[in-house]
Amino acid sequence: MKLILALAVILQVYVSNTVCYDYKEVLQKSLLFYEAQRSGKLPSDQRVTWRKDSALNDKGVNGEDLTGGYYDAGDFVKFGFQMSFTATILAWGLIDHQKGYEDAGSLEEGRKALKWALDYILKAHVSENVFYAQAGSGVADHNYWGRPEDMTEARPTYMINTTHPGSDLAAETAAALAASYLVYKDLDSKYAQTLLTHAKQLYNFAYTYRGKYSDAFDDVRCCYNSSGYEDELVWGAAWMYRATNDSTYLKYVDNEYPTIQYYIGFSWDQKAGGADVLLAKITGQSKYLTKITNYCEQIVNSQQRTPKGLIFISQWGSLSSTSYVMQVCLETAALGVNTAKYRAETKKQIDYMLGDTGYSYVVGFGSKYPTHCHHRAASCPDKPATCDWNQFSTTEPNPHVLTGALVGGPGADDDYTDLRSDYVHNEVATYYNSGFQTIIAALIELGYSD
Ligand SMILES: *[C@@H]1O[C@H](CO)[C@@H](O)[C@H](O)[C@H]1NC(C)=O
Ligand SMILES: *[C@@H]1O[C@H](CO)[C@@H](O)[C@H](O)[C@H]1NC(C)=O
Ligand SMILES: *[C@@H]1O[C@H](CO)[C@@H](O)[C@H](O)[C@H]1NC(C)=O
């Protein structure tokens, strides 16, 4: 018995030290997942062909065209805050880890994934101080199980404006557009200028009219309450400064910085860690670097781990939560702080997700991966078969492989069951993949895929 255990341990060490994952393949697949999340009229170069045109009547209250953009997760709501955050993080990767995208042959696809969100964001920003925050009702949408092209429920749209402001949402969207300006400025200067103009207006709206977007309208409270907007005002100003070199934005950072709170994560709701590493990079000021270093030390040295070594931040979407904290620590490593340590830890966390426990949490990657992720479209067979709640309940695998999607992931004891009904551990989301994908691009850039 002892001998068997010893052999098992040796084998495990051997396996975890020798298995290499094809990060380029992971990046390519992650980009396919973004195609599977597209709403609106699909383009002729759409590669995920089991998805069809949908939500072609999404409109603002004055008839503005709000088609396009991304479905958030396994549902069909276009949640603006999460979409903007996804765009910011994708743009960050495309700016600072462009070589990773190039090495994977995925630069063009990476930009397309970003632009799909940007084109929608530009439509949703209908005037200086009016931005559509959401299309589709979280409540009504979640009562429907079926294909997106078959939806018949009403899809109301919700805005933020001067009487019902959302500084968190508007500042995050400014961050997304400012970061994307940096992606496009040498590629398409006209488009880049458009992005920057909207970014400036949205930041000004966020800063002048204060409030939490989840206090502005009711529907989003089902799903994504905001804990505060101060962190987004700092984070947004940091990106605005990076894009413009305008010192006004640094003044805004200084004004708001003392009010921001550090939570454990870096996420759609919590920006402190990302803001600190970005400010450390672009201002060179040691106070930011000290803060982010303390944060990463705490995460890497002391944060709860699962028995198999996953840094555990949250039960819901555990792998995405881990990805984001590792992304900020990987960006910290690039500034010369504990470089080898943070890179090794990041790789270890990512390799956990890709198969080190004998299971890949990325759909369609590796030999054993989730076949029942919580995703309405992937769960529906091709027409003319019907698709309804029976398809949600069946134990059969999803008829369509949602290639590249990172599922929620295991609980605190590495516990995980591939169940469609378990949206806590087995749903997917556009913002689950963005931090993860950005790390993958960085690891490729570092040569870890060669
Ligand atoms: C401002 O936004 C709120 C919340 O979405 C909405 O109820 C209200 O109608 C909007 N005001 C105008 C003038 O459109
Ligand atoms: C969001 O906040 C509202 C009150 O503002 C509360 O009723 C609701 O339960 C909260 N939702 C979540 C998901 O935390
Ligand atoms: C900001 O400054 C950097 C470095 O000095 C420069 O490369 C960049 O072009 C400037 N950007 C703008 C928008 O002026």
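Just follow the structure's listing: the first ligand is 1, and inside any ligand the first atom is 1.
- Contact annotation for Cys222 and ligand 2: only backbone heavy atoms (N, CA, C, O) come within less than 4.0 Å of the ligand.
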Would you sort out whether Phe81 and Tyr224 count as a ring pair (Phe, Tyr, Trp, His ring centres under 6.0 Å), showing the intermediate values?
CA-CA 9 Å; Phe81 199 17; Tyr224 293 118; 8.6 Å; no

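- Within a 4.0 Å radius of atom 2 (O) of ligand 1, the protein contributes at least one heavy atom.
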Determine, stepwise, if the pair Phe85 / Tyr431 fulfils ring pair (Phe, Tyr, Trp, His ring centres under 6.0 Å).
CA-CA 7 Å; Phe85 178 61; Tyr431 67 91; 7.3 Å; no

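- Ligand 1 places these atoms under 4.0 Å from at least one heavy atom of Ala216: 4 (C).
- Atom 14 (O) of ligand 1 is flagged as protein-proximal [any protein heavy atom, distance under 4.0 Å].
- By the criterion of a heavy-atom distance under 4.0 Å, both the backbone and the side chain of Met159 are placed next to ligand 1.
- The residue from Trp268, Tyr252, Trp92, Tyr249 that alone fulfils the ring pair (Phe, Tyr, Trp, His ring centres under 6.0 Å) condition with Trp235 is Trp92.
- Between Asn161 and ligand 1, an N or O atom pair is found at a separation short of 3.5 Å.
- Scanning all protein heavy atoms for the shortest distance to atom 6 (C) of ligand 2 gives Asn225 ND2, 4.2 Å.
- In terms of modelled atom types and a separation under 3.5 Å, the side chain of Asp188 and the main chain of Tyr191 share a donor-acceptor contact.
- When distances from atom 9 (O) of ligand 2 to the protein are checked, no heavy atom turns up under 4.0 Å.
- A cation-pi arrangement is absent between Arg38 and Tyr34, since the terminal nitrogen or guanidinium carbon is not both under 6.0 Å from the aromatic centre and inside a 45° cone about the axis.
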Using ring pair (Phe, Tyr, Trp, His ring centres under 6.0 Å), reason through Phe266 and Tyr295 one step at a time and then give a plain yes or no.
CA-CA 11 Å; Phe266 170 55; Tyr295 174 73; 8.8 Å; no

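- Ion pair Lys281/Asp96 flagged as a salt bridge, since at least one NZ, NE, NH1 or NH2 atom sits closer than 4.0 Å to an Asp/Glu carboxylate oxygen.
- Ranking the protein heavy atoms by distance from atom 4 (C) of ligand 2 puts Arg221 CD, 4.2 Å first.
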